[in-house]
Each structure stands twice: as C-alpha cells, then as structure tokens.
Amino acid sequence: MIEIIPAIDMIDGKCVRLTQGDYGKKTIYNENPLEVALEFEDAGLKRLHLVDLDGAKAKKVVNWKVLEKISAKTALHIDFGGGVQSEEDIRIVFESGAKQVTGGSVAVKQPDLFKEWLSVYGGEKIILGADAKNEKVAVSGWEEGTELWVYDFVENYVDLGVRYAISTDVAKDGLLQGPSFDLYKNLQDKCPDLKIIASGGVSGIEDVEKLAEMNIYGVIIGKAIYENRISLADLHRFLV
C-alpha cells in the first residue's frame, strides 16, 4: 500500500505553496501550519512532509519552531527538509522532533557531510532529495540547476546506504498536471530496492492510484489537497 504523505511548505511560519518552486508565485493557505497538521492527523493520516522554504533559500534551517510545535502537538511522523546543510542544522531538526531529514542540496554540494550523516544516523533517518529538471538534479529550492544526471546521482547514493529518496520533477510541481511517471519508472528500473517517494504534480486521486499500481513507496500531496482536488476522505482507502 502506498504511503500517503501530505505536505506543508512554510514561508514566514505560514503554510504556503509555490508554483514550480518560484518564490514569486506564492499562495498562502493558512497562517497556522499546526492547524493544518491537526486536520491531517484527524483525518487518519500518519505522516507529514514539512518543508522550510525560507531555509532552502537561506541555506540554513529557519522554521524549526514550527516543526517543534507540530511534533509536540501531534503524533505525525514528520520528515523535514529545506536548508539542512550543516551539523548544527541536522541536530536542531532532530531535536525539534523530526523522525527523518531530507537532504538535497547538501548531497550535491557537500557529499562528504551527507555521507557522514548516513553513517551516523543511518539510511532509515536520512532521505535523499533528488529533485530534477529535465532529468538533471536541481538544488537550493530549485533556484540552481546542475549537470548531474538524476539517475546516476541517486544510484551512487543507494550504493552508499540511501534507502529513501524524494524526487520532484520541478517542471510538474504545483501545476496539477499529473506526476512525472516516467521519472519514477526510470528510477525504479535503476534502483529496484529504493523506496521512492513521488512528489509534485499530483492533480487527483487517479494519480495516486496509478503511482500505487506502479508500486511506488510513497506520494507527497500538497496543492491537490489545498485546492480541493483531493479530499482527505478520498485518501482513506490508502490508509493502513
């Protein structure tokens, strides 16, 4: 059964969504992310993908107080990403209640540090962020492109102990035009044992059904929930 992972993206401590990672295309959905997290929990959801967009831009964790509040007031299994780029950042995030941390930019720019995290915390706690634009890795809140082929990038880290990867096709994110099924199929073919978490583009429950049929491990859903394309009741059939 596919893991359903609702997303809360934060700017200035508020629940927002961007379109294609563009900070100029921001929609505020709720001033209080805790309220949103409690709604998810009340609907029977067990997990939460919490993204610090301020942190992604600042290259350090900014909104850790929101993480602390949500982890204290809910039992959600939180994975946290955005701006985790130092030993201090990862310490703050785990101490604030995250169960997993997603590292994307750090895996590209500071591979030795990311490998150290894998060694210290283990593959169950460290998720590889493998966001792609035209199948090349994108970092720093998608503001920077690279020449790294995403499949080779992921395979290299799987060999080093990565067990989970969140992959967003930047071209699809926030557009409600469907996920990048080909990207995930190619990742599956390259890394059959990897727990792939699809993110970006989910527009309706049929997208979730197709990802489940593909045996994708998990799916992050953001805008489709906030824009009422998918109701929390729609997701009940996927909950264990």
Side-chain angles (χ1 to χ4, degrees), residues 1-11 15-18 21 33-34 36-41 43-56 60-86 89-107 114 117-118 120-131 139 141-142 154 157-158 161-168 173 179 184 187 194-200 202 208 211 216-223 225 235 238-240:
M1 188 66 75
I2 194 167
E3 288 273 6
I4 302 297
I5 310 170
I8 293 177
D9 291 359
M10 300 175 289
I11 290 179
C15 174
V16 307
R17 292 300 288 172
L18 304 183
L34 176 60
V36 180
L38 286 166
E39 284 178 26
F40 292 152
E41 186 173 50
L45 295 167
K46 306 290 188 194
R47 298 185 59 137
L48 176 65
H49 179 60
L50 192 59
V51 181
D52 185 353
L53 291 172
D54 292 314
K60 65 177 183 179
V61 173
V62 174
N63 286 296
W64 58 273
K65 284 282 189 186
V66 179
L67 164 63
E68 195 173 61
K69 192 178 291 185
I70 293 173
S71 67
K73 302 283 188 183
T74 76
L76 293 168
H77 176 111
I78 303 169
D79 78 77
F80 185 95
V84 186
Q85 296 195 27
S86 70
D89 288 326
I90 200 167
R91 181 187 63 77
I92 288 170
V93 169
F94 278 131
E95 286 181 359
S96 298
K99 293 291 191 287
Q100 292 177 299
V101 167
T102 301
S105 299
V106 67
F114 190 79
W117 292 353
L118 279 172
V120 172
Y121 298 103
E124 287 297 325
K125 286 197 161 190
I126 303 297
I127 301 173
L128 178 65
D131 298 334
V139 296
W142 306 336
V154 172
Y157 275 115
V158 167
V162 158
R163 299 189 61 191
Y164 298 84
I166 294 173
S167 186
T168 307
D173 187 65
Y184 304 125
L187 279 171
L194 180 66
K195 294 178 178 178
I196 298 165
I197 300 170
S199 172
V202 173
V208 180
L211 289 166
I216 296 295
Y217 171 78
V219 57
I220 291 170
I221 311 171
K223 198 169 189 176
I225 292 174
L235 297 169
F238 298 103
L239 305 180
V240 178

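Worth saying up front: this structure is predicted, and the values here are computed from it rather than measured.
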Full working for side chain to side chain contact (heavy atoms under 4.5 Å, CB included) between Val84 and Thr102: CA-CA 8 Å; Val84 186; Thr102 301; over 6 Å; no

For the atom pair [atom1] ([X]) and [atom2] ([Y]), what is the distance rounded to the nearest 0.5 Å?
{"X": "Trp117", "Y": "Ile126", "atom1": "CH2", "atom2": "CD1", "result": "7.0 Å"}
{"X": "Lys69", "Y": "Ser96", "atom1": "NZ", "atom2": "OG", "result": "12.5 Å"}
{"X": "Thr74", "Y": "Lys46", "atom1": "OG1", "atom2": "NZ", "result": "11.0 Å"}
{"X": "Met10", "Y": "Leu53", "atom1": "CE", "atom2": "CG", "result": "8.0 Å"}
{"X": "Ile11", "Y": "Leu18", "atom1": "CD1", "atom2": "CG", "result": "5.0 Å"}
{"X": "Ile196", "Y": "Leu211", "atom1": "CD1", "atom2": "CG", "result": "10.5 Å"}

Contacts of [X] that satisfy side chain to side chain contact (heavy atoms under 4.5 Å, CB included) - sequence neighbours left out:
{"X": "Gln100", "answer": "Arg47, His77, Asp79, Ile127, Tyr164"}
{"X": "Ala7", "answer": "Asp9, Arg17, His49, Ile220"}
{"X": "Val62", "answer": "Asp52, Asp54, Ala58"}

Whether Ser71 side chain and Glu68 backbone form a donor-acceptor pair below 3.5 Å: yes

Expected output: side-chain Tyr217 to main-chain Ala165 donor-acceptor under 3.5 Å: no

Nearest atoms (heavy-atom pairs only) where [X] meets [Y]:
{"X": "Leu67", "Y": "Gly97", "value": "CD1-C, 4.4 Å"}
{"X": "Val61", "Y": "Asp89", "value": "N-OD1, 3.2 Å"}
{"X": "Gly218", "Y": "Ile2", "value": "CA-CG1, 3.7 Å"}
{"X": "Ala98", "Y": "Phe80", "value": "CB-CB, 4.0 Å"}
{"X": "Ile8", "Y": "Ala37", "value": "CD1-N, 3.9 Å"}
{"X": "Val106", "Y": "Gly103", "value": "CG1-CA, 3.9 Å"}

Exceeds 12 heavy-atom contacts within 6.0 angstrom, atom NZ of Lys99: no

Steps toward side chain to side chain contact (heavy atoms under 4.5 Å, CB included) verdict (Glu41, Leu38): CA-CA 5 Å; Glu41 186 173 50; Leu38 286 166; 4.1 Å; yes

With Glu39 via salt bridge (charged side-chain N to carboxylate O under 4.0 Å, His left out) - residues at least two apart: none

Partners meeting salt bridge (charged side-chain N to carboxylate O under 4.0 Å, His left out) with Arg163 (sequence neighbours left out): Glu124

Pair Lys60-Ser86, side chain to side chain contact (heavy atoms under 4.5 Å, CB included): steps then yes or no: CA-CA 8 Å; Lys60 65 177 183 179; Ser86 70; over 6 Å; no

Residue pair Ile90, Val120: steps toward the side chain to side chain contact (heavy atoms under 4.5 Å, CB included) verdict: CA-CA 11 Å; Ile90 200 167; Val120 172; over 6 Å; no

Side-chain heavy-atom pair Leu50, Leu76 within 4.5 angstrom cut-off: no

Heavy-atom side-chain contact between Val139 and Asp131 under 4.5 Å: no

Residues forming a side-chain hydrogen bond (donor to acceptor under 3.5 Å, both in side chains) with Ser199, sequence neighbours excluded: Thr168

